[in-house]
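Step one of this worksheet: look at the structure below.
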Amino acid sequence: MGEMAGERSRLRQHMDRDVAERAGEFLELGAVAHVGFCVDGQPYVIPMSYQYSQAHPEKLYLHGGRPSRLLRTLCEGGLVCVTVTMVDGLVYSKSAMYHSMNYRSVVAFGRGREVIDSRQKAALLDAMIARYHSGRSVGVDYEAATVAQLESTLVVEIAIEEMSAKARFGGPAGPKDADETAQGSCGVVQWPDGLHGPR
Ligand SMILES: Cc1cc2nc3c(=O)[nH]c(=O)nc-3n(C[C@H](O)[C@H](O)[C@H](O)COP(=O)(O)OP(=O)(O)OC[C@H]3O[C@@H](n4cnc5c(N)ncnc54)[C@H](O)[C@@H]3O)c2cc1C
């Protein structure tokens, strides 16, 4: 994924948290994409579920109803910025400035287009269900979407042009956190496991 870095995705702070090579892994684990786009100069950021597989690392998919402004804008080839974040822990320190979060996150830039082919749409939606609900399969655990349902659903492919990934792991890093005699308390409140997979 390193080759997908560009000027838009160049980190400017905390270079120690640069994990660009893990961007695809994080996208495959994430649950919610915050999708940013502009219409007439007005920025919008909308939360969405999504489909992503490292087998096709430069493609991310969204779906929804035809009236959606977000999806209609992307169908017209609109530029988009997608952010996926996994919060792993709340870090508290003996110093105000060193309170932090453990996280894994990706910011991806790209451009949308509508997926027209109904077989591809159905396959993408089934893959998306299996990503969120591991092991569920069409025809066994649920019935396939009908032609009419597929027709009323917009599926958008985002061609990822560049992306970055950052992560923070570990405990508090304040100047007094390793000093047991210093006043105050420090540690990490782990975020519940289960949704995002191993850290
Ligand atoms: C975790 C999560 C996953 C979702 N997954 C999907 C998905 O896969 N597909 C899908 O179509 N929708 C999904 N949604 C709903 C999505 O966020 C939009 O609400 C939805 O796309 C409807 O958009 P719209 O056409 O009404 O609004 P748009 O035309 O996109 O927006 C119109 C206005 O409605 C308001 N608005 C829209 N969405 C929200 C929101 N979520 N919260 C608060 N205000 C909002 C904003 O002011 C926005 O400017 C998801 C929401 C959440 C929270």
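In each ligand, atom 1 is the first atom listed, and ligand 1 is the first ligand listed. Just so it is clear, the model here is predicted, and its values are computed rather than measured.
Under the 4.0 Å criterion applied to side-chain N and carboxylate O atoms, R104 and D88 are assigned as salt-bridge partners. Salt bridge annotation for E114-R66: present, with a cationic side-chain nitrogen under 4.0 angstrom from a carboxylate oxygen.
Take A182 and apply the side chain to side chain contact (heavy atoms under 4.5 Å, CB included) test, not counting sequence neighbours, and it matches K94, K176, D179. Qualifying salt bridge (charged side-chain N to carboxylate O under 4.0 Å, His left out) partners for R10, counting only residues two or more places apart in sequence or in other chains: E7.
The closest side-chain donor-acceptor pair between Y61 and E157 falls under 3.5 angstrom.
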N/O pairs closer than 3.5 Å, ligand 1 and protein:
residue, atom, partner, partner atom, Å
ligand 1, 5 (N), S49, N, 2.9
ligand 1, 5 (N), S49, OG, 3.4
ligand 1, 8 (O), S49, N, 3.4
ligand 1, 8 (O), S49, OG, 2.4
ligand 1, 9 (N), H63, O, 2.7
ligand 1, 11 (O), H63, O, 3.4
ligand 1, 17 (O), P47, O, 2.7
ligand 1, 29 (O), R69, N, 3.2
ligand 1, 31 (O), R69, NH2, 3.4
ligand 1, 49 (O), R69, NH2, 2.7

Would you tabulate the side-chain donor-acceptor contacts of residues 68-77 under 3.5 Å, counting partners in other chains and residues two or more places apart, or write 'none'?
residue, atom, partner, partner atom, Å
S68, OG, L70, N, 3.3
S68, OG, L71, N, 3.1
R69, NH1, Y44, OH, 3.3
R72, NE, P67, O, 3.3
R72, NH2, P67, O, 3.0
T73, OG1, R69, O, 2.7

